[in-house]
Amino acid sequence: MWQPTKLELERLEKAERLQDRGIELYPARVERSHRIAEAVGLFLRSEADAGDDDIAVTVTGRIRRLNSKGKVSFAHIEDESGRVQLFLRINALGEDSYELIRRKLIDIDDFVQASGTMMRTRTGEVSVNVDELRLLSKALSPLPVVKEQRLVDGAVVEYGEFKDTESRYRQRYADLAVNKSVREIFIRRARTIKALRDFLDGEGMLEVETPVLQPLYGGAAARPFSTHHNQLHQDLYLRISFELYLKRLLVGGYDAVYEIGRDFRNEGVSYKHNTEFTMLEFYKAYIDYLGVMDITERMFAYVAEQVTGSAEITYQGQTINLAPPWKRISIRDAAQELLGFDYMDYPTSDTLYAYLDSRGLAEGLDPSDTWGRMIVEHILGHYIEPNLIQPTIIKDYPRDMSPFAKRIQGEPASADDKERRYIESHTERFEFFIAGMEMGNAFTELNDPRDQQERFVDMKRLYAEEADETTPLDEDYLRAMRYGMPPSGGFGSGVDRMVMLLTDQTSIRDVLLYPHLRSQQLTEADLRGQFMLEAAVRGYEYRLDHQLAGTKRRIALHLPAPNVGIEFRLANALEGARPQLRNLRKAFAGELYVMTDEALYRVDDDLTEVSAADFWMSLSEA
């Protein structure tokens, strides 16, 4: 329950004074003739043409700055398009309206509507000479203050009461309100998604929508979220991929389909992973992974040009050129180039682990991992990926890590033993990397239903039942394949990482409006708020008593009849407080309870747990 601060109490008092004057705090109707940028632009064009006609405007926005000087005041208001100064005079507004500004009944952070004519002040600032000012929304809580200081080297340092990153994520609405740079990130995000759609539509692909709730998850190596449909008595999963549903549509006769939407993966979070994220997948008939590589290169360059104006971008101080062609190299050749060995010389997980361990490259590697996982997750993930700054396509992945990709092309019969094993154990799959981050994944899609069924069985044999890499056998997908699936190429990429790249952000949370966060820790103030709300709902009066506990940290609530005190403490701090609570009980003429985030206790010689229902029942009986 909200417990107003001193500043908020002052704003509540101002709100009451405004209402006493008959002023609506939150009117339903608004008039606006121009956005702020439009009004300023109109004036500048008129000024450049030496026009002398008055330009009448009605603009709206949030007050960001207010400076009252007797009979003249200045305010800056801001909408999404920009900021403009309001020139406020008692002679133009009238004494009653101007009094609202002079006494700051209308204050910083309030939304207002200002009507008047455009002008330039003596100091040269474009302004609105206001003849009517109207309150649109009264802010009862002041926005956090963020101040900027420009250093000698030109760098800008932000400081103030809203510098805590987690607070900004939890209160994204406030973060957006006070940080224009944050608003710009999400404008670029929207442009990125629009550019992706424009490109794929231009390629002749059809945008579709597939189920978010699925009876069987698949298409990726990830742990799903599960739920239950009560009416159908059916367990369901939040999708981890669109893949298998999109490829069914190729069976149905579409040449190329794509989807941009949310995936959900019940796994760890990091600076580049969120449990809920935006994914792009497309599948196109009659191309292989080489054709997908071409589309990928052209798509990323196109989107960068549309969003930033150039295919050459700067990410964390590094210049990255997204224009085709990109470097293409097999994972095997990359390991030879960067680490100086051929992993095909170590054809089992035991021999590969032993070799890596002998070179001091096995730190963090589980000896029980499969051979393919050691190559992709450890060799590539730990030693190759961080070095891939410029756009690089890493291709030809181990078969046991690629259940939906065709085997690489070659003639096993005519190859020597090592090359034969390589052809048989690798697939036409690629991932691409930019700025040391994996950005996407693609295949020459497997369309042989017999091979696909064998892959499902192999995955079940290779991985434990609960392993993330396990891909459930999807009988309906196999049935679709048996009707005939055209040869095709498929692609998947996390849109959030693309936005990170195009906005120069190092954390995925900075490009998500509402990133997933841990549950916020309860405080003793939260417990007080919960109890006060419950008491108010039940019709009990209460008062705050600072004397009972002796400090503001332990405020008690008294219910007048009977005389009951409530002490608030977190459960993890309760044990050491028992002697203090017993002494408090002796000093209190009435019943004393302690409420924690886990239970309610009556304080006597010890702490006796009581149910909340019994507590409220005892009050009603008294």
Side-chain angles (χ1 to χ4, degrees), residues 220-222 267-268 270-273 289 293 326-408 410 415-444 455 458-459 462-464 467-471 492-494 497:
E267 50 194 24
S270 74
Y271 73 95
K272 57 183 180 180
H273 294 92
Y289 78 150
M293 291 179 195
W326 297 357
K327 180 179 179 179
R328 301 179 183 184
I329 186 173
S330 71
I331 191 171
R332 181 187 184 186
D333 289 343
Q336 290 178 315
E337 184 179 291
L338 290 171
L339 298 175
F341 79 99
D342 183 359
Y343 61 69
M344 289 306 300
D345 291 333
Y346 309 94
T348 67
S349 56
D350 290 339
T351 57
L352 182 58
Y353 179 86
Y355 173 76
L356 293 172
D357 190 43
S358 71
R359 286 192 53 184
L361 300 175
E363 183 178 354
L365 180 59
D366 186 343
S368 65
D369 279 346
T370 66
W371 184 75
R373 183 178 175 86
M374 288 182 179
I375 293 168
V376 175
E377 299 294 333
H378 189 74
I379 295 174
L380 174 61
H382 283 72
Y383 299 108
I384 299 175
E385 179 176 336
N387 297 294
L388 305 177
I389 305 303
Q390 295 302 319
T392 304
I393 289 173
I394 301 290
K395 61 188 182 73
D396 302 345
Y397 277 54
R399 183 176 183 269
D400 66 292
M401 293 292 287
S402 314
F404 301 107
K406 281 189 175 181
R407 192 186 70 188
I408 61 173
D416 62 31
D417 182 62
K418 185 163 72 171
E419 293 310 305
R420 177 182 54 77
R421 285 189 286 105
Y422 178 71
I423 292 169
E424 291 177 345
S425 62
H426 285 71
T427 62
E428 289 194 350
R429 171 189 173 188
F430 75 84
E431 292 182 310
F432 60 101
F433 300 82
I434 305 172
M437 287 191 294
E438 184 257 307
M439 300 295 294
N441 192 28
F443 312 93
T444 298
R455 301 280 187 96
D458 285 347
M459 291 288 287
L462 283 170
Y463 293 97
D468 290 345
E469 290 79 5
T470 298
T471 301
S493 180
R497 292 192 192 178

(request) Give a yes or no on whether the backbone of M439 and the side-chain of S493 come within a donor-acceptor separation of less than 3.5 Å. (result)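 Answer holds: yes.
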Got a donor-acceptor contact below 3.5 angstrom from the E424 side chain to the H426 backbone? no
How far does [atom1] of [X] sit from [atom2] of [Y], to the nearest 0.5 angstrom?
| X | Y | atom1 | atom2 | answer |
| --- | --- | --- | --- | --- |
| I389 | F433 | CD1 | CZ | 12.0 Å |
| T351 | W371 | OG1 | CH2 | 9.0 Å |
| T392 | E438 | OG1 | CD | 13.0 Å |
| F430 | S330 | CZ | OG | 14.5 Å |
| D350 | M374 | CG | CE | 7.5 Å |
| D333 | R328 | CG | CZ | 14.5 Å |

Are the side chains of [X] and [Y] in touch, meaning some heavy atoms are under 4.5 Å apart?
| X | Y | result |
| --- | --- | --- |
| E431 | L380 | yes |
| P391 | K327 | no |
| L365 | E377 | no |

Q. Stepwise, does the side chain to side chain contact (heavy atoms under 4.5 Å, CB included) test hold for D345 with K418?
A. CA-CA 8 Å; D345 291 333; K418 185 163 72 171; 3.0 Å; yes
Exercise. Any luck finding a side-chain donor-acceptor pair between R497 and H273 under 3.5 Å?
Worked result: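 Distance-only check passes for R497 and H273.
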Is the closest side-chain donor-acceptor distance between S368 and D366 under 3.5 Å?
yes
According to the salt bridge (charged side-chain N to carboxylate O under 4.0 Å, His left out) rule, which pairs have a member within residues 386-395, sequence neighbours left out?
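Residue pairs passing salt bridge (charged side-chain N to carboxylate O under 4.0 Å, His left out), neighbours aside: none found.
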Paired with T427, the side-chain contact (heavy atoms from CB on, under 4.5 Å) test is passed by just one of R455, M401, K406, namely R455
By side chain to side chain contact (heavy atoms under 4.5 Å, CB included), F341 pairs with (sequence neighbours left out) L339, Y343, Y346, L352, Y355, L356, R359, I379
Can you give me the closest heavy-atom contact between [X] and [Y], atom names plus distance?
| X | Y | answer |
| --- | --- | --- |
| N441 | R429 | OD1-NE, 2.9 Å |
| I331 | D396 | CG2-O, 3.1 Å |
| S425 | M344 | OG-CE, 4.4 Å |
| G360 | Y383 | O-OH, 4.5 Å |
| P386 | G381 | CD-O, 3.8 Å |

Does a side-chain N-to-carboxylate-O contact under 4.0 Å join R420 and D417?
yes
- Task: State whether Y422 and R332 meet the cation-pi test: NZ (Lys) or CZ (Arg) under 6.0 Å from the six-membered ring centroid, and within 45° of the perpendicular axis.
- Result: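 Yes - R332 lies over the ring of Y422, closer than 6.0 Å to its centre and within 45° of its axis.
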Practice task
Only counting residues at least two apart or in another chain, list the ones meeting ring pair (Phe, Tyr, Trp, His ring centres under 6.0 Å) with H382.
Solution key: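 Ring pair (Phe, Tyr, Trp, His ring centres under 6.0 Å) list for H382, sorted by chain: H378.
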Exercise. Step by step, work out the side chain to side chain contact (heavy atoms under 4.5 Å, CB included) result for W326 and I434.
Key: CA-CA 10 Å; W326 297 357; I434 305 172; 4.2 Å; yes
Please report the C-alpha distance between I394 and I329 in whole Å, then the side-chain angles of each, then the deciding distance to 0.1 Å, and finally whether the side chain to side chain contact (heavy atoms under 4.5 Å, CB included) criterion is met. CA-CA 5 Å; I394 301 290; I329 186 173; 3.5 Å; yes
